Amino acid sequence: MRPSHTLLLSAIGDAALTYTAALTRAVSPAFAHSAVRSSPRGKPVIDQGRAVEQHLAYSAALRDLLGVGGEVSHVPAAAGHPDCVFIEDCAVVLGRTALITRPGHASRRGETEGVEAALKARGLLTLHPPPGAHLDGGDVLWTGREFVVGLTGRTNAAGAGAVARAFPGTRVTTVPLASMVSELRGKGRAGRLPASTPTFHPLHLKSVITLAGPSTLVTSDTPIGNAVALHVNDASAVPKARRAAGEGLSFLIVPDAAAANVVYANGRLLTRESTTFPASAEVFLRFAVDTGMPPPLEVDTSELAKADGALTCCSLLLH
Ligand code: CIR
């Protein structure tokens, strides 16, 4: 069978960043109490009711982002899995193929079953990583022409290899995020971050860098943001000559690390709330105006962020 994702490979650009549907997953009743908190930021109390409300607002914003005809479907919460709302970590989807992940945190492994069932029900072909591979979807960034995979505490080299095997013909660039963070930490400049965040411990690649538009990635003005942007720029699939001619990736830099995780789909951005990140919101608005996009949609996901969740992590976008 000729995998349908190969169709996308020739349609570099907007077609590869156009989605007809998205999956979200309900917030577990155990979210506030038991969600995994990896960052050493202490454990701020999560308001369960507010998290549920914010998630509903997120789903509504996602529907607006997809536009007319776009559909957002909800996968029921997974019993015994407090982090299941972060559905992005359970699969990597391109075209009609879904690589079901093996999440790096043991408590999250059982989340994939329900997600696989939902993807199969929609007719997607599902594949699995080999034994020993660990992979969180939060470490996999689709740029519209290639995958960029972060090697982190959650995703190992075998996990990145599984992405390459699942989507043959699509380039996979890896970013050794964990070692880059250690190196910066060693140099004592791990990140210039919001005042509430003494040091930056990015959980996933997409905690640092995401897609802001065709051929444009967004990261924050922090040592790790700058280091990752340089790495991706040097390693990207675009040949050097074209990059020199300005045809490579562009990088949008925002001041707030937590604002660099955005969802770009169907020609529009979904960003974090401008009330908390006004300076970053200005950068996104200017970018939208300059590139002819409608103004970004925004949503407050502050309760979900207390469990290290960002915007991309609450959905799986389907072509
Ligand atoms: C975890 O530690 O796995 C969850 N508390 C947060 C996962 C966030 N996922 C994502 O950004 N892709």
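We count ligands from 1, going down the list as the structure has it; atoms in each ligand are counted the same way. What you see is a predicted model, and the numbers here were worked out from it, not measured in a lab. One is the number of the first residue; the rest follow in order along the sequence. FYI, side chains are in, hydrogens and waters are out, and symmetry mates aren't considered; it's all heavy atoms of this structure.
Using a 4.0 angstrom heavy-atom cutoff, H105 does not count as in contact with ligand 1.
No side-chain donor-acceptor contact under 3.5 Å links E273 and S302. Checked by atom type, the side-chain pair T155/D136 shows no donor-acceptor distance below 3.5 Å. For R102 and T112, the side-chain atoms include no donor-acceptor pair closer than 3.5 Å.
Under a hydrophobic-cluster definition in which Ile, Leu, Val, Met, Phe, Trp and Tyr are linked whenever side-chain heavy atoms come within less than 4.5 Å, directly or via other members, L141 and V172 are assigned to the same cluster.
In summary, R154 and D139 do not engage in a salt bridge, as defined by a charged side-chain N under 4.0 Å from a carboxylate O. With respect to the salt-bridge test (charged N to carboxylate O, under 4.0 angstrom), the residues R50 and D300 qualify. Using a 4.0 Å cut-off between charged side-chain N and carboxylate O, E111 and R25 make no salt bridge. Salt bridge present: E303 and K306 bring a charged side-chain N and a carboxylate O closer than 4.0 Å.
Ligand 1 has an N or O atom lying under 3.5 Å from an N or O atom of V36, backbone or side chain. Taking distance alone, with nitrogen or oxygen atoms compared against 3.5 Å, A307 approaches ligand 1 more closely than that limit.
Only the side chain of R154 comes within contact range of ligand 1, with a heavy atom under 4.0 Å; no backbone atom does. Contact annotation for D136 and ligand 1: no heavy atom of the residue comes within less than 4.0 Å of the ligand. Under 4.0 angstrom from ligand 1, there are no non-hydrogen atoms of R37.
Regarding atom 8 (C) of ligand 1, its nearest protein heavy-atom neighbour is D308 O, 3.4 Å. Regarding atom 9 (N) of ligand 1, its nearest protein heavy-atom neighbour is D89 OD2, 2.8 Å. If you check which protein heavy atom lies closest to atom 11 (O) of ligand 1, you get C313 CB, 3.1 Å. For atom 4 (C) of ligand 1, the nearest non-hydrogen atom of the protein is D83 OD1, 3.1 Å.
Under a 4.0 Å criterion applied to the non-hydrogen atoms of E88, ligand 1 contributes the atoms 10 (C), 12 (N).
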